[in-house]
Amino acid sequence: MTQQSTQPSSSAKAVPADSVDAVQQALGAEHAAIWIYGLVSAFLPPSFNNALSEGATTHRARRDTVERALNAANVAPKPAEAAYVPPQPVTDQASSLAVLAIAESDATVAWRSVLEHTDDPDLRKTALEALTSSAVRATRWRRAGGQTPAAAIMPGQPS
């Protein structure tokens with residue numbers, strides 16, 4: 001289940017059976033992050049467009065890769081919800097940046113769980129790459145929003 005940051009491989013290795021639940025949870029976090037990126041784009045100025053596009057594109061690519069890997073294991077991927085309830089109201093730039101940081105942090109938690117539930121080297125690599133890239137984006141969103149500390153001490157630790 002190897003995946004580049006925004007260019008997933010066309011063939012996917014099947015998710016090991018003992019990792020399916022954790023991978024489904026990570027897929028759910030990817031769906032939610034994609035939805036959040038769309039929501040907050042209405043509240044952020046054009047200066048954030050590149051960062052929003054990069055984040056959304058990365059999450060979409062990861063979602064697609066995970067769905068292919070689940071299909072390869074003959075497991076139906078968890079579908080996206082019609083909408084998601086953000087952890088706090090999104091009404092302006094500050095709340096948008098805070099919710100983006102939360103969505104990325106949620107993804108780090110989900111992918112850390114995948115790391116804890118598999119010994120498969122390819123899946124571990126995918127999970128580590130996902131955790132790391134989401135942790136970096138969460139830090140960037142926190143910093144853009146003036147939150148301190150901007151970086152999590154242990155990315156992926158449930159709060």
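Note that the numbering runs from 1 along the sequence shown for the chain. Keep in mind that what you see is a predicted model, and the values were worked out from it rather than measured.
In terms of modelled atom types and a separation under 3.5 Å, the side chain of Thr108 and the main chain of Ser105 share a donor-acceptor contact. The main-chain N or O of Lys78 is found under 3.5 Å from a side-chain atom of Gln24 such that the two form a donor-acceptor pair. At distances below 3.5 Å, not a single donor-acceptor pair connects side-chain atoms of Ser19 with backbone N or O atoms of Val15.
Under the 4.5 Å side-chain contact rule for hydrophobic residues, Trp35 and Ile102 do not share a cluster. Leu131 and Ile36 fall into different hydrophobic clusters, where Ile, Leu, Val, Met, Phe, Trp and Tyr are joined by side-chain heavy atoms under 4.5 Å apart, directly or via other members. Using a 4.5 Å cut-off between side-chain heavy atoms of Ile, Leu, Val, Met, Phe, Trp and Tyr, with links allowed through other members, Leu128 and Val23 fall into the same hydrophobic cluster. Hydrophobic clustering, with ILVMFWY side chains joined whenever heavy atoms are under 4.5 angstrom apart, groups Trp111 together with Leu115.
Atom CG of Asp120 sits about 12.0 Å away from atom NZ of Lys125, to the nearest 0.5 Å. Rounding to the nearest 0.5 Å gives a distance of 9.5 Å between OG of Ser96 and CD of Gln88.
Scanning both residues, Arg124 and Thr118, for their nearest heavy atoms gives NH1-O, 3.2 Å. A pairwise comparison of heavy atoms in Ala135 and Pro155 identifies CB-CB, 3.6 Å as the closest pair. Of all heavy-atom pairs between Gly28 and Tyr84, the closest is O-OH, 4.5 Å. Pairing each heavy atom of Ile34 with each of Ala56, the nearest pair is CG1-O, 4.5 Å. Looking at every heavy atom in both residues, Ala103 comes nearest to Ala33 through CB-CA, 4.3 Å.
For the pair Val66/Pro77, no side-chain contact is recorded, criterion being any heavy-atom separation below 4.5 Å from C-beta on. For the pair His31 and Glu81, the minimum side-chain heavy-atom distance is 4.5 Å or more. Looking at heavy atoms from C-beta onward, Leu44 lies in side-chain contact with Leu52 at the 4.5 angstrom threshold. Side chains of Gln25 and His117 form no contact here, defined as non-hydrogen atoms less than 4.5 Å apart. With contacts defined as side-chain heavy-atom distances shorter than 4.5 Å, the pair Leu123/Pro16 qualifies. Using a 4.5 Å cut-off on side-chain heavy atoms (C-beta onward), Leu97 and Phe48 make contact. Contact annotation: the side chain of Ser95 approaches that of Asp92 to within less than 4.5 Å [non-hydrogen atoms, C-beta and beyond]. Taking the side chain as every heavy atom from C-beta outward, Thr58 and Arg62 approach each other to under 4.5 Å.
Applying the salt bridge (charged side-chain N to carboxylate O under 4.0 Å, His left out) test to every pair with at least one member in residues 141-150, sequence neighbours left out, gives no pairs at all.
Under a cut-off of 6.0 angstrom, the local environment of CG in Asn49 is crowded, with over 12 non-hydrogen atoms contributed by other residues, nucleotides or ligands.
Remark: of the listed residues Glu54, Arg60, His59, Glu104, Glu104 is the sole one forming a side-chain hydrogen bond (donor to acceptor under 3.5 Å, both in side chains) with Tyr37.
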